[in-house]
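Remarks on the structure that follows.
Atoms considered below: every heavy atom in the structure, side chains included; atoms not considered: hydrogens, waters and symmetry mates. Along the sequence shown, residues carry numbers from 1.
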Amino acid sequence: MTHAPVRFLCVAALLVSACATGPDESGASIDVAAVRTVIAQQNKQFTDAHVTGDVATIDSMFTADARSYPPGAPAAIGLAAIHQLTVEFLKIGVTEFTEETTAFYGNAEYVIDEGVYFLRYGKGETERGKYVNVWKQVDGRWRIQANIWNASPPTG
């Protein structure tokens with residue numbers, strides 16, 4: 001009599017539970033689903049702040065040494081540079097901005113949020129694209145450590 005199916009099920013159950021919650025490299029536990037919910041709320045706050053022009057809220061969502069990599073422009077390193085990038089970006093007149101997470105993973109210190117976005121600005125122009133945000137746990141709050149985004153080719 002073989003115990004291979006039982007061993008397989010035990011290993012599979014351990015792997016599945018380790019993906020949902022479990023220790024990271026430092027030994028700290030993380031509930032990925034709970035953190036994903038927090039980041040989803042912060043993504044909503046981030047996108048809403050772009051529509052309302054709330055630069056202070058956007059600035060507060062980044063770490064002090066954050067990096068932003070906008071398409072077709074130099075990297076913005078640090079809060080002052082990211083602030084200036086945000087001020088310039090908002091001049092396009094954002095009227096709608098949404099993000100949808102397509103992949104989410106990480107540990108107790110950093111999580112990665114990959115996804116797609118939709119942006120409406122100006123006189124009805126639209127843009128769809130993809131993004132990656134690296135969120136870092138700082139003083140008990142998740143903040144953006146690095147982000148990059150770019151537009152997808154127009155469809156049609």
Side-chain donor-acceptor pair under 3.5 Å between Thr102 and Glu114, yes or no?
->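 The answer is no; no qualifying pair exists.
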For the residue pair Asp113 and Tyr131, confirm or rule out a side-chain donor-acceptor distance under 3.5 Å.
->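 Distance-only check passes for Asp113 and Tyr131.
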Answer yes if [X] and [Y] sit in the same cluster of Ile, Leu, Val, Met, Phe, Trp and Tyr residues linked by side chain heavy atoms under 4.5 Å apart, and no otherwise.
{"X": "Phe62", "Y": "Val138", "value": "no"}
{"X": "Val55", "Y": "Phe89", "value": "yes"}
{"X": "Val134", "Y": "Phe104", "value": "no"}
{"X": "Val132", "Y": "Trp149", "value": "no"}
{"X": "Ile144", "Y": "Leu90", "value": "yes"}

Exam field: side chain [X] to backbone [Y], donor-acceptor pair closer than 3.5 Å:
{"X": "Glu125", "Y": "Lys123", "result": "yes"}
{"X": "Arg128", "Y": "Pro154", "result": "no"}
{"X": "Gln145", "Y": "Tyr110", "result": "no"}

Locate the shortest heavy-atom distance separating [X] from [Y]; write the atom from each residue and the value.
{"X": "Pro70", "Y": "Ala75", "answer": "CD-CA, 4.3 Å"}
{"X": "Asn107", "Y": "Ile30", "answer": "O-CD1, 2.9 Å"}
{"X": "Ala151", "Y": "Lys130", "answer": "O-NZ, 3.4 Å"}

Enter the distance from [X]:[atom1] to [Y]:[atom2] here, rounded to the nearest 0.5 Å.
{"X": "Ile82", "Y": "Ile58", "atom1": "CD1", "atom2": "CD1", "value": "11.5 Å"}
{"X": "Leu79", "Y": "Asp65", "atom1": "CG", "atom2": "CG", "value": "8.5 Å"}
{"X": "Gln42", "Y": "Thr57", "atom1": "CD", "atom2": "OG1", "value": "11.5 Å"}
{"X": "Ile112", "Y": "Ile39", "atom1": "CD1", "atom2": "CD1", "value": "10.5 Å"}
{"X": "Tyr117", "Y": "Ser152", "atom1": "OH", "atom2": "OG", "value": "7.0 Å"}
{"X": "Trp135", "Y": "Met61", "atom1": "CH2", "atom2": "CE", "value": "4.0 Å"}

Do [X] and [Y] come within less than 4.5 Å of each other through their side chains, counting heavy atoms only?
{"X": "Trp142", "Y": "Gln137", "answer": "yes"}
{"X": "Phe118", "Y": "Thr126", "answer": "yes"}
{"X": "Thr47", "Y": "Thr98", "answer": "no"}

Partners meeting ring-ring contact (aromatic ring centres under 6.0 Å, His included) with Phe97 (sequence neighbours left out) |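 With sequence neighbours excluded, Phe97 shows a ring-ring contact (aromatic ring centres under 6.0 Å, His included) to His50, given in chain and number order.
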